[in-house]
There are 2 protein chains.
Amino acid sequence: MSSTLQTLDRGLLALKIVSEHNEGISIAKLAEELEVHRAIAYRIVATLESHALLTRTQGGTLRLGAGITLLASRFEPQLHAVALPLLKTLAKATRATAFISLSQGEECMVTLVAEPEEGMLRVGYRVGSRHPLTQGAAGIAILAGRAPKEEDSPEVRQARADGYSLTRGQLQRGAVGVASHIPTTRSGIGMEACVGVVAMDDLDSERAIREVKTCAKQLAELIGQ
Amino acid sequence: MSSTLQTLDRGLLALKIVSEHNEGISIAKLAEELEVHRAIAYRIVATLESHALLTRTQGGTLRLGAGITLLASRFEPQLHAVALPLLKTLAKATRATAFISLSQGEECMVTLVAEPEEGMLRVGYRVGSRHPLTQGAAGIAILAGRAPKEEDSPEVRQARADGYSLTRGQLQRGAVGVASHIPTTRSGIGMEACVGVVAMDDLDSERAIREVKTCAKQLAELIGQ
DNA sequence: TATTTTGTTTCTATAATAGATAATGACTGT
DNA sequence: ACAGTCATTATCTATTATAGAAACAAAATA
């Protein structure tokens, strides 16, 4: 049983609480939510502040600090470093272009791509391209990863049940996409990501589905619990 | 003198160290860098891991976890997505390194950077670097965005009157910085931002000033609601 | 003016942590 | 199969870092 550190744990909890209060939160209230003495909350805040993870506005309310963006900017490269080998394997196994997309608001954005080395024609999928979540295998896979909602389309429900989504020609005529949600955090809504492949109509979809699902599982283990 | 908590401080330092190692880092090495006993490092890691801020790959190396993106998504979500294209345009137009800085207590911190594609030499400006608000174009621009005060330096008054600040060699010999405050409705709740460029002495400052001011206005419209 | 709230400091008991040590298992190379 | 690493976790105790109380000034509020 790996033990954790109380002080660090409380500090991180404080960070989380502040992040959940969009309008900001006072130290007094933070202390209350943490169930610690006010003096302790001050010390926690001072420490987080010194790392720029928290900042106090003139009103004295707490908000997330700019240091968060620094960490965030370093997260994506690390994700890529881990994911690229897997993506290459996926591309090779399916002979299709493999990708990882992240949700960004009501869109999803391609952040990493691996193209197959062989094959006459390959489907290019540009890093940085975006689509609405409701369109294309990637977006549907991400929606399927969310908690069920009334307004979910049949495709999304299907994808949720199957653990993958397959679309034909939604983004491009003659293109097939297969994607699967990457489950990341056990509690709460962390990052939303999916992995998939795109190819011409000739894709061996049976195999692609299998490979994509396997890859999603592997990625889930690598990225977070 | 507000005191900080050692355990929390170490934990955050650990997070920072991991973020700096793109290839991942082992617990043993982390312990070394933290200058603590390995057993302690294990406890720190366990705690950070329980908050999904850190994860361990099968090799045992440490990387940032998906929890980071959750925090980041709660930190001024609009700002970065919206700002990057504008920043790239600014970098191209001025042939200088464009940046956005946020205030963080009595310092300001660079959160987003776009470097020009052409040009032999470029000035690097690292995301995450911090300076006192009183130093450098960015800090002065932020101070100029605040309500006038008695203790404002002449530079700040000047910048407030002009709508921009220009400094030479304050942060680095031979470097010129131009920055302009981004007025937002959210400034009331603590977010203070500025946009600017840094370059070698050869900057076309006339043009840079114009472009930076325009960019600040555009950003204000996009961000401020 | 009285009263509450906020921000900070000082103090001390004690609980939490540091750090050593050791046991365990997985892997490595011989 | 063997000794020798290394990673990981568990156990233990001295001591330190922290918790929490208390006190207090300053600001805000009534």
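Side chains included, hydrogens not; waters and symmetry mates left out as well; all remaining heavy atoms used. In this text the structure is predicted, and so the values were computed from the model without any measurement.
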So does [X] have more than 12 non-hydrogen atoms from other groups sitting under 6.0 Å from [atom1]?
| X | atom1 | result |
| --- | --- | --- |
| B:Arg130 | CZ | yes |
| A:Glu20 | CD | yes |
| A:Glu35 | CD | no |

*From the list D:dT11, D:dA7, C:dT6, which nucleotide is the closest neighbour of the side chain of B:Arg43?*
D:dT11
*Measure from the side-chain heavy atoms of A:Arg38 and tell me the nearest of C:dT6, D:dA7, D:dT8.*
C:dT6
Between atom [atom1] in [X] and atom [atom2] in [N], what is the gap in whole Å?
| X | N | atom1 | atom2 | result |
| --- | --- | --- | --- | --- |
| B:Leu5 | C:dA15 | CG | P | 18 Å |
| A:Asp9 | C:dA15 | CG | C1' | 16 Å |
| B:His37 | C:dA20 | NE2 | P | 5 Å |
| A:Glu49 | C:dT8 | CD | P | 9 Å |
| B:Leu34 | C:dT17 | CG | C1' | 15 Å |
| A:Arg10 | C:dA15 | CZ | C1' | 11 Å |
| A:Lys29 | C:dT6 | NZ | P | 11 Å |
| A:Ile40 | C:dA13 | CD1 | P | 17 Å |

*asked:* Rounded to the nearest 0.5 Å, what separates atom NZ in A:Lys217 from atom OG in A:Ser180?
replied: 8.5 Å
*Is B:Thr7 touching bases, backbone alone, or none of the nucleic acid, heavy atoms closer than 4.0 Å?*
sugar-phosphate
*asked:* Can you tell me if A:Tyr42 touches the phosphate of C:dG7, counting only side-chain N or O atoms and a distance under 4.0 Å to OP1 or OP2?
replied: yes
*Where each residue is assigned the nucleotide of DNA chain D containing its nearest heavy atom, which of B:Ala39 and B:Ala28 is assigned the position nearer the 5′ end?*
B:Ala28
*5′-ward residue of the pair A:Ile27/A:Leu8 relative to DNA chain C*: A:Ile27
*For the pair B:Tyr125 and B:His131, name the ring-plane relationship: parallel under 30°, tilted 30 to 60°, perpendicular over 60°.*
parallel
